Structure formats: structure tokens, C-alpha cells
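Shown next, in C-alpha cells, is the structure this report addresses.
Predicted model only: the values in this text are computed from it and were never measured.
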Amino acid sequence: MDPVSDPAKLKAEATYNAAADHFDDGPLAFWDRYGRLTVQRLSLAPGSAVLDVGCGSGASAIPAAIDVGPQGRVIGIDLAERLLTIARSKSLAQHLHNVEFRRADMTALSYPDASFDAVISVFSLFFVADMVAEIRELWRVLRPGGKLAITTWGPRMFEPGSEAFWSAVKEFRPDLVATVSPWERITRPDALRQLLSESGIRGAEVTSEDGKQRLQSVEDWWTIVLGSGYRWTVEQMSEGERAGVKAANLKKLRESGTTSVETNVICAIAPKI
């Protein structure tokens with residue numbers, strides 16, 4: 001692919017290349033959980049062709065490859081090469097030869113119209129500046145009779161860990177405090193329905209599901225920080241600042257007796273007639 005120059009894309013690429021070292025750790029089991037759940041909702045037929053955009057380390061692409069079988073094919077694309085390397089290793093370990101992972105930009109797909117029976121976007125749509133244009137691009141490469149699956153975060157994502165994290169960042173590096181995180185752009189079913197409607201898509205089934213990620217200790221929360229979108233903020237700090245933010249963040253969670261963080265999601269399945 002051509003070199004990426006858009007600052008937002010470069011930021012996402014750097015963030016998740018850095019987060020790759022913890023992305024598949026136990027406290028981040030929600031990646032796999034919601035990837036599998038999204039694929040289950042698609043009810044993929046054997047032999048189907050599937051595109052997974054923002055595929056990460058294969059949480060949805062690998063279950064899709066299992067479902068479509070040897071006669072099907074799955075292409076997973078992402079900007080973070082380190083996550084793609086992990087995905088390739090995982091698929092090889094499962095002897096899956098019908099899935100391919102490519103570094104590519106999901107806003108400029110190189111595939112002809114109607115190339116896939118299913119298109120999947122799990123926790124990736126909100127990184128795109130123009131989400132309506134992105135949905136239209138995903139719809140373009142979907143065949144009639146196929147399905148588009150979009151899964152995004154619901155309200156209160158990672159609370160109370162997230163609030164405690166930003167409170168600690170404000171104490172040590174107030175210049176890094178984010179007013180709005182990318183995933184907060186669409187956290188309600190009606191907002192996702194509106195996006196689909198603006199994209200020209202009707203008849204989508206949009207569901208919300210409450211979830212929690214259990215923490216064996218508050219240290220698990222810091223693993224989530226390092227293996228997720230918070231990693232970019234951490235990477236901007238000095239070693240001393242990181243230590244201070246971590247200590248303040250975890251102290252607040254210990255004092256409140258936190259044993260889990262919220263992982264609420266919204267999922268849309270849109271059939272193309």
C-alpha cells in the first residue's frame with residue numbers, strides 16, 4: 001500500500017503497533033469475545049468470501065475463516081503491522097490456509113464492487129473521520145445478498161478504569177488529557193442507526209449488549225491500558241510520568257474496590273438486498 005500520511009491514521013497505526021505487546025493478554029479477552037460474537041451474528045455460509053477491516057490480531061477474521069471453511073476465503077486488513085504479524089501466527093497455528101492478513105487502509109479499498117459476501121468492522125469505524133463515507137465504501141464491496149457487520153463500543157466504555165486513568169493523566173500531564181476519545185463518537189444504538197441511514201442503508205438490525213471484563217487485580221487494568229487505545233497517551237510520557245500515572249490510576253481503583261470494567265457494545269447487521 002502507499003505510505004500513510006494522514007495524521008489520524010498515523011496515530012492509530014503507532015498506537016496499535018505499540019499496544020501489540022499486550023493486545024492478546026488475558027485482561028483484554030474482550031477483543032476475542034466480541035470478535036467471535038460478531039461473526040456468530042453473521043451466520044456465515046461455507047464457501048463465503050469475507051473482508052474484515054481493522055482486523056487487529058484476528059479476533060473476528062480467524063473465527064470467520066473457521067466458519068467459511070476451506071472453500072471460503074477471508075481477508076483481514078489493518079494498518080498495524082505488528083498486530084497483523086500476530087494474526088498470521090495465530091492462523092498458522094490453527095492450520096488455517098483460507099485467511100490472509102494485509103496491511104491496508106480501510107478508507108481506500110482496492111477491491112471491485114460486490115467482491116465479498118460479508119464485510120466486518122469490529123471497533124474500527126470510529127477511527128475514520130468520515131464514518132458515512134466509510135460505511136458506503138464497505139457497502140460498495142459487499143455483494144447483493146451479503147451482510148455488513150459493525151460492532152462498536154457502547155456507553156461507559158472501560159469505566160471506572162477510564163475515568164481513573166484520565167484523572168491520573170490530568171495530574172501529571174494535563175496537556176495529554178483527551179476531551180473526546182474516538183470510540184465515544186458513536187456509543188448509542190440510535191447513533192449507529194442514524195449513521196447507517198445517512199449512508200443509504202435500511203433494514204439493519206441494531207442491538208446493544210452490556211458486558212464486563214473481570215479484573216483479577218487492578219494491575220489487570222493497567223494491562224488493558226497498555227494493550228488498547230490508551231497506549232498512545234502513555235507513549236507520550238517520560239518514564240517517571242508513566243510511573244506516576246500508573247500509581248495514581250491504580251490507587252483510585254483499589255480505594256473504590258474495582259473488580260471489573262464495563263465493556264458494553266453495539267452491533268449492527270445490515271443485509272444488502
Side-chain angles (χ1 to χ4, degrees), residues 1-4 9 12-13 16-26 28-125 127 134 137-151 227-228 267 269-272:
M1 63 172 285
D2 295 332
V4 174
K9 294 175 183 177
E13 179 181 14
Y16 287 92
N17 272 327
D21 57 0
H22 289 285
F23 199 81
D24 278 356
D25 287 359
L28 291 101
F30 47 81
W31 296 136
D32 280 340
R33 182 163 65 251
Y34 293 122
R36 288 194 306 271
L37 180 61
T38 302
V39 172
Q40 288 170 7
R41 286 175 167 156
L42 277 170
S43 300
L44 294 169
S48 296
V50 180
L51 176 66
D52 184 1
V53 300
C55 66
S57 66
S60 43
I62 290 175
I66 293 171
D67 283 0
V68 302
Q71 302 307 312
R73 66 185 179 99
V74 177
I75 297 174
I77 66 171
D78 204 288
L79 288 176
E81 183 59 47
R82 290 189 66 196
L83 288 180
L84 294 171
T85 298
I86 295 171
R88 294 182 190 112
S89 296
K90 288 160 66 174
S91 64
L92 287 174
Q94 297 185 52
H95 306 289
L96 295 172
H97 304 292
N98 62 342
V99 58
E100 179 182 356
F101 295 97
R102 302 175 181 174
R103 182 174 177 271
D105 183 351
M106 68 180 184
T107 66
L109 301 175
S110 59
Y111 307 106
D113 294 355
S115 293
F116 299 94
D117 299 297
V119 178
I120 300 170
S121 167
V122 179
F123 305 134
S124 62
L125 179 63
F127 286 114
E134 177 60 21
E137 176 69 351
L138 301 183
W139 198 248
R140 178 187 68 79
V141 300
L142 185 64
R143 293 170 182 157
K147 294 178 181 179
L148 169 65
I150 296 174
T151 297
S228 66
C267 183
I269 302 294
K272 188 172 188 178

How far apart are the closest heavy atoms of [X] and [Y], and which atoms are they?
X    : Y    : answer
E134 : L125 : CG-CD1, 3.8 Å
P112 : V141 : O-CG1, 3.9 Å
S115 : A49  : O-CB, 4.1 Å
A118 : L44  : CB-CD2, 3.5 Å
G227 : F23  : O-CD1, 3.4 Å
I77  : M106 : CD1-CA, 3.8 Å

Between atom [atom1] of [X] and atom [atom2] of [Y], what is the distance when rounded to the nearest 0.5 Å?
X    : Y    : atom1 : atom2 : answer
C267 : L37  : SG    : CG    : 6.5 Å
S91  : I86  : OG    : CD1   : 12.0 Å
S124 : Y16  : OG    : OH    : 10.0 Å
I269 : T151 : CD1   : OG1   : 6.5 Å
R103 : D78  : CZ    : CG    : 9.5 Å
L142 : D117 : CG    : CG    : 8.0 Å

Which pairs, with at least one residue in residues 44-69 and sequence neighbours excluded, count as a side-chain hydrogen bond (donor to acceptor under 3.5 Å, both in side chains)?
->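 Pairs touching residues 44-69 that pass the test: D24-S57, D52-S60, S57-K90.
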
Can you check side-chain contact (heavy atoms from CB on, under 4.5 Å) on V39 and V50, steps first, answer last?
-> CA-CA 10 Å; V39 172; V50 180; over 6 Å; no

Of all residues at least two apart in sequence or in a different chain, which pass the ring-ring contact (aromatic ring centres under 6.0 Å, His included) check with F101?
->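 Testing F101 for ring-ring contact (aromatic ring centres under 6.0 Å, His included), a comparison that skips the adjacent residues, returns none.
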
Output yes when a side-chain donor or acceptor of R73 lies under 3.5 Å from a complementary backbone atom of E100, and no otherwise.
->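 Checked: no pair found.
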
side-chain contact (heavy atoms from CB on, under 4.5 Å) assessment of S121 paired with L138 | CA-CA 9 Å; S121 167; L138 301 183; 4.2 Å; yes

